[in-house]
Protein chains: 2
Amino acid sequence: MRIGELAAAAGISRDTIRFYERVGLLDGRRLPNGYRDFPPETVDWLAYVRTARRLGFTLAEIAVHGSGLRDADDSAAALSALIEDKLRLIDERMADLAELRTDLAARVGADCPLRPDPRSGGVSGSPGAAGWPSRHRRE
Amino acid sequence: MRIGELAAAAGISRDTIRFYERVGLLDGRRLPNGYRDFPPETVDWLAYVRTARRLGFTLAEIAVHGSGLRDADDSAAALSALIEDKLRLIDERMADLAELRTDLAARVGADCPLRPDPRSGGVSGSPGAAGWPSRHRRE
DNA sequence: CTTGACCTTGGAGCGTACTCCACCGTTTAC
DNA sequence: GTAAACGGTGGAGTACGCTCCAAGGTCAAG
């Protein structure tokens with residue numbers, strides 16, 4: 001499929017697709033006339049890329065994952081290892097998100113206002129009262 | 001506390017703290033000599049900011065949440081609404097992450113992990129074409 | 001009074017991820 | 001053949017999130 005069709009199917013601009021090709025996220029196969037030609041699975045790959053992006057993974061991280069898949073494409077074991085690695089990353093993100101969620105949820109309905117920087121009005125009994133989300137360990 | 005102490009406590013550079021103040025993530029209280037002065041809770045707020053950032057929330061999103069907290073700090077109801085809003089956002093992110101995870105997990109141990117996930121669209125069944133990423137291009 | 005750690009401001013610069021544009025070639029419909 | 005729709009390239013521009021100066025003020029210790 002050509003770039004316009006892919007763009008429509010993936011809900012992404014042509015420019016972005018060309019950009020993704022430049023940075024190695026997509027392959028550069030061409031038709032005899034110079035037009036780009038993508039296999040249909042590219043739509044799925046792009047969906048994956050967009051989701052990963054929205055979740056805070058950088059294009060570089062995604063590209064590494066992608067090129068890892070390419071380089072390992074004759075070894076199912078290496079591939080699985082790669083994917084499991086990615087899975088671990090995702091699980092970490094989910095754990096962090098869950099932590100954030102718990103912190104926030106614990107405050108719903110609480111009557112103690114937890115302002116990050118009290119500047120409006122007097123500071124009403126704040127000492128030690130409102131700690132924000134639990135501090136974030138390691139990194 | 002002054003900027004250096006906050007920077008050390010939060011594990012963040014002074015420049016970043018000043019930048020955060022400029023964009024409205026922190027308030028601009030000053031000592032008589034012009035030095036910035038932060039309440040201790042700022043450390044927690046910054047930890048929250050960093051975690052949220054790493055999870056893909058933009059500074060603008062975080063700032064909106066923060067200023068909402070300030071503006072609503074006399075109304076527990078408004079506050080709870082805000083937090084519930086944030087919770088919804090987090091749940092969305094978690095759902096996306098879970099989807100990504102499932103997608104990836106389905107490939108571990110599969111015969112051909114490169115083949116796109118059948119769930120996400122009809123997609124060619126052509127066996128030889130590993131439709132996912134392709135070869136690495138360097139400029 | 002000097003030194004040095006700490007603070008201030010402005011502004012430049014950088015990496016990431018697009019986004020837009022001008023200009024030109026190709027394909028398709030009429 | 002001509003026009004519209006599509007494709008290609010290179011390069012500039014933008015937004016975000018920092019990061020790094022340079023030039024200078026503040027303050028406690030020696």
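Chain A is the first sequence line, chain B the second, and so forth, proteins listed ahead of strands; every chain is numbered from 1. These values consider heavy atoms only, across backbone and side chains, with no hydrogens, waters or symmetry-generated copies.
- Contact check for A:Phe38 versus A:Ile17: side-chain heavy atoms found under the 4.5 Å cut-off.
- Remark: A:Asp37 engages A:Leu31 in a side chain to side chain contact (heavy atoms under 4.5 Å, CB included) (not counting sequence neighbours).
- Heavy-atom nearest nucleotides on DNA chain D were determined for B:Tyr35 and for B:Leu59, and the one closer to the 5' end corresponds to B:Leu59.
- Counting to the nearest Å, the C1' atom of D:dC6 and the CZ atom of A:Arg30 are 14 Å from each other.
- One atom, CG of A:Leu46, and another, C1' of C:dC18, lie 14 Å apart when rounded to the nearest Å.
- Across all strands shown, B:Arg50 has heavy atoms under 4.0 Å from sugar-phosphate atoms exclusively, and none from any base.
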Could you walk me through whether B:Tyr48 and B:Asp44 pass side-chain contact (heavy atoms from CB on, under 4.5 Å), step by step?
CA-CA 6 Å; B:Tyr48 167 78; B:Asp44 297 310; over 6 Å; no
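- Note: CZ (A:Phe57) to P (C:dT16) measures 17 Å, nearest angstrom.
- Following rounding to the nearest Å, B:Glu21 (CD) and C:dC7 (P) show an atom-to-atom distance of 13 Å.
- Taking only side-chain nitrogens and oxygens, B:Arg36 never comes nearer than 4.0 Å to OP1 or OP2 of C:dC7.
- Rounding to whole angstrom units, CZ of residue B:Arg29 and P of C:dT8 are separated by 14 Å.
- Within residues 4-20 of chain A, the residues approaching DNA chain D are A:Gly4, A:Arg14, A:Arg18, by heavy-atom distance under 4.0 Å.
- When the side-chain nitrogen and oxygen atoms of A:Asn33 are compared with OP1 and OP2 of D:dG8, none of them lie within a distance under 4.0 Å.
- With sequence neighbours left out, A:Arg50 forms a side-chain hydrogen bond (donor to acceptor under 3.5 Å, both in side chains) with A:Tyr20.
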Apply side-chain contact (heavy atoms from CB on, under 4.5 Å) to the pair B:Arg30 and B:Arg36, showing each step before the final yes or no.
CA-CA 4 Å; B:Arg30 300 305 177 103; B:Arg36 287 174 183 82; 3.2 Å; yes
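- Counting to the nearest Å, the P atom of D:dC16 and the CD1 atom of B:Ile62 are 13 Å from each other.
- When each of C:dG25, C:dT19, C:dC7 is scored by its nearest atom to the side-chain atoms of B:Ile3, the top-ranked nucleotide is C:dC7.
- Distance, A:Arg53 CZ to C:dG15 P: 17 Å, rounded to whole Å.
- C:dT9 atom C1' lies 10 Å from atom CZ of B:Arg22, rounded to whole Å.
- Put simply, the side chain of A:Trp45 gets close to the backbone of A:Leu25: a donor and an acceptor are under 3.5 Å apart.
- For the pairing with B:Thr42, the side chain to side chain contact (heavy atoms under 4.5 Å, CB included) check across B:Val49, B:Asp27, B:Leu6 returns one residue only, B:Leu6.
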